[in-house]
Amino acid sequence: MTDAQSKAARLLRKQGSVSSLSSSDVYKVHKVGSVQRQELAEMVEGQRSMSTVSFMDDPGHDDHYRPAMKYENSYQMTPGRKFPSGKVKNIIKDVLEGYLAEEKYEPELCKQMSKTISEVIKARVKELMIPRFKIICIVDIGQSNNQALLMGSRCLWDSANDTYSSAEFRNNSLFAIAQVYGVYYE
């Protein structure tokens, strides 16, 4: 074996590359630590080449245990910046109009849509990267039949730091109300 071929074989052993294997190929199996390696020796146009397939004998048992990281208290009692209620309200309006503009009220569809819209709003608010605020998003969708609806919510929170933003959407068939709560996490 030439120097280049032996170097390539060593690299393959380190990387544990995968090749396509056929039943007529010749295998050499050896064990290195917890990983069993299977080397394939074959002749390609008069040159000897080597491929390696690696797999674990007992996956998960030889993983090194790493203790959970413990964080020190920061003793930061107030946020560095306030929760951007105006930006969040614009996000809520944009998502509600984008998802519900042409929809008609169907109970099963609206059930799924409220979950989807809630997740989309929460993801878009998280993109604002507001540090140390927990984001809670609630979306209610109902049928519009010229009825009145009054909704209320109660929360136990710090009125100096915690806040919320809400918006509503209506079309001929349905109404939607979305609320996003930003609760400061000390």
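What's counted below: heavy atoms across the whole structure, side chains too, no hydrogens, waters or symmetry copies. In this chain, numbering begins with 1 at the start of the sequence shown. Note that the structure is a prediction, hence the values are computed from the model and not measured.
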Distance-only donor-acceptor hits, side chain of residues 166-178, under 3.5 Å, sequence neighbours excluded:
residue, atom, partner, partner atom, Å
Asn171, OD1, Ser173, N, 2.9
Asn171, OD1, Leu174, N, 2.8
Asn171, ND2, Leu100, O, 3.1
Asn171, ND2, Glu103, O, 3.0
Ser173, OG, Tyr105, N, 2.6

Return all side-chain donor-acceptor pairs below 3.5 angstrom for residues 87-94, not counting sequence neighbours, or 'none' if the list is empty.
residue, atom, partner, partner atom, Å
Asn90, ND2, Gly86, O, 3.4
Asp94, OD2, Arg124, NH1, 3.0
Asp94, OD2, Arg124, NH2, 3.2

Sequence neighbours excluded and cut-off under 3.5 Å, please list the side-chain donor-acceptor pairs for residues 134-142, or say none.
none

Let me check something: any side-chain donor-acceptor pairs from residues 155-164 under 3.5 Å, sequence neighbours excluded? List them with distances.
residue, atom, partner, partner atom, Å
Asp158, OD1, Ala160, N, 3.2
Asp158, OD2, Asn161, ND2, 2.8
Asp162, OD1, Tyr184, N, 2.7
Asp162, OD2, Asp158, N, 2.9

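The heavy-atom pair separating Gln179 from Met151 by the smallest distance is NE2-CE, 4.3 Å.
For Asn145, the side-chain contact (heavy atoms from CB on, under 4.5 Å) partners at least two apart in sequence or on another chain are Gln143, Gln147.
Among residues at least two apart or in separate chains, salt bridge (Lys or Arg N to Asp or Glu O under 4.0 Å) pairs with a member in residues 108-120 are Glu119-Lys122.
No path of Ile, Leu, Val, Met, Phe, Trp and Tyr side chains, each step under 4.5 Å between heavy atoms, connects Val180 with Tyr185, placing them in separate hydrophobic clusters. A continuous path of hydrophobic side-chain contacts links Leu128 to Val120 [ILVMFWY only; heavy atoms under 4.5 Å].
Atoms CD and CZ, from Gln76 and Arg132 in turn, are 4.5 Å apart once rounded to the nearest 0.5 Å. Atom CZ of Arg81 sits about 10.0 Å away from atom CZ of Phe83, to the nearest 0.5 Å.
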